[in-house]
Structure formats: C-alpha cells, structure tokens
Amino acid sequence: QVQLVESGGGLVQAGGSLRLSCAASGRTFSVMGWFRQAPGKEREFVAAFRWSARITYYADYGDSVKGRFTISRDSAKNAAYLQMDSLKPEDTAVYYCAADRVRTMLTRESSEYSYWGQGTQVTVSS
C-alpha cells in the first residue's frame with residue numbers, strides 16, 4: 001500500500017538546524033513536497049520537487065523559507081528530505097510530507113496532493 005512516513009522533527013533553539021526525512025513506499029510519485037501547519041492556522045506550502053529522469057530536478061519554495069530550507073531527494077530510496085537551517089520560532093509547526101502520482105507540474109495547493117504522511121512536530125524556541 002502507498003505510505004509516507006516522516007521523521008526528524010524535534011525541539012531546537014532559534015538559529016539551529018533540523019533535517020526531515022520522508023520515506024515513501026508502495027509506488028513511485030511524480031511530485032513530492034512538504035507542508036506545515038501551526039495551531040489555529042491554515043496549512044502552508046513549504047517546498048516541493050518534480051521527479052525527473054535527469055539528475056537535476058525542479059524545485060519550488062515558499063516565500064517564508066527561501067534561502068533557509070533546502071529540499072532534496074534520493075531516487076533509489078524514493079525518499080524526500082528537507083534541510084532546515086537558521087530556524088525561527090515562527091517555523092514551529094507540524095510538518096507533513098505530501099506526494100502525488102499523476103501531476104507533471106509543481107503546485108503549492110495542498111488539495112492537489114493525493115498522499116500524505118502523519119506529520120512530525122518541529123518546535124523552535126526563542
């Protein structure tokens with residue numbers, strides 16, 4: 001069955017770093033990405049990439065994380081990663097891995113992703 005499992009969340013001080021992992025199983029995907037949701041707020045786009053046969057792939061980032069977060073992949077493992085540097089208290093949220101198997105272009109809309117992980121908590125203290 002299709003399954004996405006996130007890991008790597010935790011508590012970190014402002015200015016620190018964390019690396020999130022998303023392990024996918026069951027089938028291959030055309031796009032994969034990350035969203036986050038803080039209490040009382042709507043789910044926010046973080047980053048996404050489109051799978052490609054080429055070694056270089058296409059990626060997109062939300063405005064609030066550009067220059068600080070980096071998304072990457074491991075094609076052999078069918079996995080996605082999110083390197084988060086220079087973390088701020090406002091980055092505190094539950095981070096979700098998302099994927100889709102039919103889309104060929106990147107999207108920031110959460111409703112366009114068909115598969116989701118259960119989330120991992122990231123807390124940044126000031």
Side-chain angles (χ1 to χ4, degrees):
Q1 294 182 341
V2 175
Q3 184 176 359
L4 302 176
V5 180
E6 304 99 330
S7 62
L11 175 64
V12 65
Q13 193 172 7
S17 299
L18 284 174
R19 185 172 185 262
L20 306 183
S21 299
C22 176
S25 62
R27 69 196 310 161
T28 58
F29 301 97
S30 58
V31 295
M32 294 186 70
W34 294 89
F35 289 79
R36 66 186 183 185
Q37 187 167 22
K41 297 184 179 180
E42 295 183 349
R43 190 162 295 185
E44 177 188 16
F45 172 78
V46 176
F49 67 83
R50 178 177 67 84
W51 288 104
S52 174
R54 301 175 62 181
I55 191 68
T56 302
Y57 56 92
Y58 301 97
D60 185 33
Y61 295 90
D63 292 339
S64 63
V65 305
K66 285 183 178 179
R68 299 188 298 119
F69 291 9
T70 304
I71 192 170
S72 61
R73 70 175 184 178
D74 187 326
S75 298
K77 297 180 179 179
N78 203 27
Y81 306 93
L82 184 68
Q83 178 66 43
M84 305 184 294
D85 298 320
S86 301
L87 284 164
K88 305 174 181 179
E90 51 263 44
D91 293 319
T92 296
V94 176
Y95 284 70
Y96 297 91
C97 178
D100 192 80
R101 65 182 180 86
V102 296
R103 289 195 61 88
T104 58
M105 299 185 70
L106 296 175
T107 179
R108 297 184 176 186
E109 295 293 331
S110 61
S111 62
E112 298 299 322
Y113 291 81
S114 299
Y115 304 95
W116 293 82
Q118 60 183 346
T120 184
Q121 177 70 46
V122 172
T123 303
V124 184
S125 62
S126 59

Backbone of C97 reached by a side-chain donor or acceptor of E6 within 3.5 Å: yes

With sequence neighbours excluded, what pairs up with A14 under the side-chain contact (heavy atoms from CB on, under 4.5 Å) test?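 side-chain contact (heavy atoms from CB on, under 4.5 Å) list for A14, sorted by chain: P89, V124.
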
Who passes side-chain contact (heavy atoms from CB on, under 4.5 Å) against S25, sequence neighbours left out?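 Residues passing side-chain contact (heavy atoms from CB on, under 4.5 Å) with S25: Q3.
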
I need the [X] [atom1] to [Y] [atom2] distance, nearest 0.5 Å.
| X | Y | atom1 | atom2 | value |
| --- | --- | --- | --- | --- |
| C22 | D74 | SG | CG | 12.5 Å |
| S64 | K88 | OG | NZ | 8.5 Å |
| T123 | Q121 | OG1 | CD | 4.0 Å |
| L82 | Y61 | CG | OH | 8.0 Å |
| F69 | Q83 | CZ | CD | 9.5 Å |

List for me each residue that meets side chain to side chain donor-acceptor pair (under 3.5 Å) alongside S114, sequence neighbours excluded, and say none if there are none.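 With sequence neighbours excluded, S114 shows a side chain to side chain donor-acceptor pair (under 3.5 Å) to D100, given in chain and number order.
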
Taking only residues two or more places apart in sequence or in another chain, which ones pass side chain to side chain donor-acceptor pair (under 3.5 Å) with Q37?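 For Q37, the residues satisfying side chain to side chain donor-acceptor pair (under 3.5 Å) (neighbours in sequence not counted) are R43.
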
Partners of [X] by salt bridge (charged side-chain N to carboxylate O under 4.0 Å, His left out), sequence neighbours excluded?
| X | value |
| --- | --- |
| R108 | D60 |
| E44 | R36 |
| K66 | D63 |

Check step by step if side chain to side chain contact (heavy atoms under 4.5 Å, CB included) holds for D91 and R68. CA-CA 11 Å; D91 293 319; R68 299 188 298 119; 2.8 Å; yes

Given L106 and V31, is the side chain to side chain contact (heavy atoms under 4.5 Å, CB included) satisfied, shown in steps? CA-CA 7 Å; L106 296 175; V31 295; 4.2 Å; yes

Salt bridge (Lys or Arg N to Asp or Glu O under 4.0 Å): pairs with one or both residues in residues 109-126, sequence neighbours excluded: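 Counting only pairs at least two positions apart or across chains, the salt bridge (Lys or Arg N to Asp or Glu O under 4.0 Å) contacts touching residues 109-126 are R103-E112.
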
Which pairs count as ring-ring contact (aromatic ring centres under 6.0 Å, His included) when at least one residue sits in residues 80-106, sequence neighbours excluded? none

Which residue pairs satisfy the ring-ring contact (aromatic ring centres under 6.0 Å, His included) criterion with at least one member in residues 13-41, sequence neighbours excluded?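 Qualifying pairs, neighbours excluded: F29-Y115, F35-F45, F35-Y113, F35-W116.
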
Return each pair, listed once, that meets side chain to side chain donor-acceptor pair (under 3.5 Å) where at least one residue sits in residues 8-22; pairs must be two or more places apart or across chains. S17-D85

